[in-house]
2 protein chains.
Amino acid sequence: MTGTARSPRARYREQTRAEIKEIALRQLAEGGTAAVALTRIAKEVGLSGPALYRYFDSRDALLTDLIRDAYADLAAAVGRAADALVPDTGPRARLQALAAAVRAWAVAEPHRYLLIQGTPVPGYTAPPDTLDSARGVLGPFLPAFADGRPSAAVRPVAAQMTGWAERDAAVAEWVRRHVPAGAEGAALAGAVLAWSHLHGAIGLEVSGQFEGMGHEGATLLAAQIDSLADTFGLA
Amino acid sequence: MTGTARSPRARYREQTRAEIKEIALRQLAEGGTAAVALTRIAKEVGLSGPALYRYFDSRDALLTDLIRDAYADLAAAVGRAADALVPDTGPRARLQALAAAVRAWAVAEPHRYLLIQGTPVPGYTAPPDTLDSARGVLGPFLPAFADGRPSAAVRPVAAQMTGWAERDAAVAEWVRRHVPAGAEGAALAGAVLAWSHLHGAIGLEVSGQFEGMGHEGATLLAAQIDSLADTFGLA
DNA sequence: TCGCAACAGTTAGAGACTGTAACTCTTACG
DNA sequence: CGTAAGAGTTACAGTCTCTAACTGTTGCGA
């Protein structure tokens, strides 16, 4: 690996950065984004205030790093779930497994999920690599739709997605890494729809809007994913 | 109406509160929740700092008020859309119209939508009347599912919803106001699923995650709602 | 081996913000 | 018309981000 162990100084630096992030995550879990305060982190790590600016350009930079980490972590979780599937898993079961993996990650670390999905923090500091990160999460979903036959309801989406893949070479290349040629539109549409379903069901659950009702979460998401599989005629 | 004009003092008070909220909304639109600052509001309204605490107990109280207003506004928009439907509108068309109304409101005022759907602000200060507010938005969706036949995919959700309605009298009463008896489970399931679909598609669009792709938003939501109508066998 | 540049850390402080305390002026109303 | 409630004020304590200017340390090349 690159960057793991260079000079002793660089190693120490990485270690301190990691410690800062760890404390920031704890604060995030305890009080949301607003509770992440550099001064308090500094106190906890035994440094005095401005020293943290040696490690992060600003509070926003720290949060951005946290966001990137969360995306990577989620993508890894999804990837692990995909790898754990037995080879002859049907597309429907694959979909359910991947969706469950996303939800499990989100429920286990709600604050980190909210960090990803909520409005970033200040204005719209959408980092440019957000799209790539989303691709990392969504990639394993693509193959499930390779043999899908989109119903009339979602065919307009598939058409738009085909157009997108034709215009954007990077996207086309990404899709082609997961899916045989010819199925780009359907696969993309399926992935985006899956994303939207995940965002809806998990977002509601994680922001605690399912308090009164006998908590389902898993049931709701499973139902939506099952419907999605129906919509694409998956086996 | 009650509370419109009482004493001259009370009237002035209401006026000032309204002015404060107006400025707060502008700040919200310009820089997100973090940009709403009492001191700057005070400066703009011509008062000096702590005077605002005569009108709002705290910054959070102000934001909570903004959230309540946003919910009420959205519910009103949905209600208006429902009232505008011609009497013999089919359930599928009704669903599409209501969903489009929600999306239109959200796209017109993204910051207010994010205020509603995102993590409130600090921790989880979920106001107790959030559920009622959500009901106000969701109520008009219920009748669309009165004659619905949930598919196997969503039947587990309907079952859970039936159980919920049996346990929670307030919910049961609310549902019964919109839907004939016997259809509670299906109607509730449809409404919650619709909510989740809306949350997913609109949330992604409003947080700007659809940048690269040929912007759809409306297409995606329409497709999801159409699928939902399929799932419930709506005409 | 030594010198110095890059690095890690410090204190001091400016500026924005939330919220409290103590006080004064004004006005509605009994 | 006297007074209590309300609207507003200044002063201030405390938290936070971030900059400036300075000091101590370390590792690396000459």
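Proximity of a side-chain donor or acceptor of A/Arg103 to a complementary backbone N or O of A/Ala222 within less than 3.5 Å is not detected. A donor-acceptor pair is defined here as one N or O able to donate and one able to accept, closer than 3.5 Å; no such pair exists between the side chain of A/Glu205 and the backbone of A/Val107. The main-chain N or O of B/Pro140 is found under 3.5 Å from a side-chain atom of B/Arg94 such that the two form a donor-acceptor pair.
To the nearest 0.5 Å, the span separating CD1 on A/Ile41 from CD on A/Gln27 amounts to 4.5 Å. For the atom pair CG of A/Asp73 and CD of A/Glu109, the computed distance is 6.5 Å after rounding to the nearest 0.5 Å.
Counting only heavy atoms from C-beta on, A/Arg59 has its side chain closest to D/dC18 among D/dC16, D/dC18, C/dA8.
Residue-level contact check: A/Ser58 touches the backbone only, with heavy atoms under 4.0 Å from sugar-phosphate atoms and none from bases. Contact annotation for B/Phe56: no contact, since no heavy-atom pair falls under 4.0 Å across all strands.
B/Arg11 places its CZ atom 17 Å from the P atom of D/dG6, with the value rounded to the nearest Å. Between the CG atom of A/Leu38 and the C1' atom of D/dT19 there is a distance of 14 Å, given to the nearest Å. Atom P of nucleotide D/dT17 and atom CG of A/Asp57 are separated by 15 Å, given to the nearest angstrom. Here C/dT18 presents its P atom at 13 Å from CD1 of B/Ile20, a figure rounded to the nearest Å. For the pair B/Asp60 CG and C/dT18 P, the computed distance is 10 Å after rounding to whole Å. The interatomic distance linking A/Leu62 (CG) with D/dC18 (P) rounds to 10 Å, in whole Å. If you measure from atom CD of B/Glu14 to atom C1' of D/dA7, you get 15 Å, rounded to the nearest angstrom. If you take CD1 of B/Ile41 and P of C/dG19, they are 12 Å apart, rounded to a whole angstrom.
For C/dG9, the OP1/OP2 oxygens have a side-chain nitrogen or oxygen of A/Tyr55 closer than 4.0 Å. Between C/dG9 and A/Tyr53, no contact under 4.0 Å exists linking OP1 or OP2 to a side-chain N or O. B/Thr39 has a side-chain polar atom (N or O) that falls below the 4.0 Å cut-off from OP1 or OP2 of C/dT18. An OP1 or OP2 oxygen of D/dA7 is reached within less than 4.0 angstrom by a side-chain nitrogen or oxygen of B/Arg13.
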Could you go over nucleotides 25-30 of chain C and give all protein N or O partners under 3.5 Å, atom names and distances?
residue: C/dT27; atom: O4'; partner: B/Arg9; partner atom: NH2; Å: 3.3

Strictly under 3.5 Å: I want the nitrogen or oxygen pairs between protein and nucleotides 9-11 of chain D, one per line.
residue: D/dT9; atom: OP2; partner: B/Ser48; partner atom: N; Å: 3.0

Stepwise, does the side chain to side chain contact (heavy atoms under 4.5 Å, CB included) test hold for B/Phe56 with B/Leu38? CA-CA 10 Å; B/Phe56 292 94; B/Leu38 290 188; 5.9 Å; no
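In summary, the side chains of A/Gln224 and B/Ser196 do present a donor paired with an acceptor at a separation below 3.5 Å, with no hydrogens or angles considered.
Between B/Tyr113 and B/Trp105, the ring-plane angle classifies as perpendicular under the 30° and 60° cut-offs.
Pairing each heavy atom of B/Val154 with each of A/Ser227, the nearest pair is CG1-OG, 3.5 Å.
A salt bridge links A/Asp65 to A/Arg68: at least one charged side-chain nitrogen sits closer than 4.0 Å to a carboxylate oxygen.
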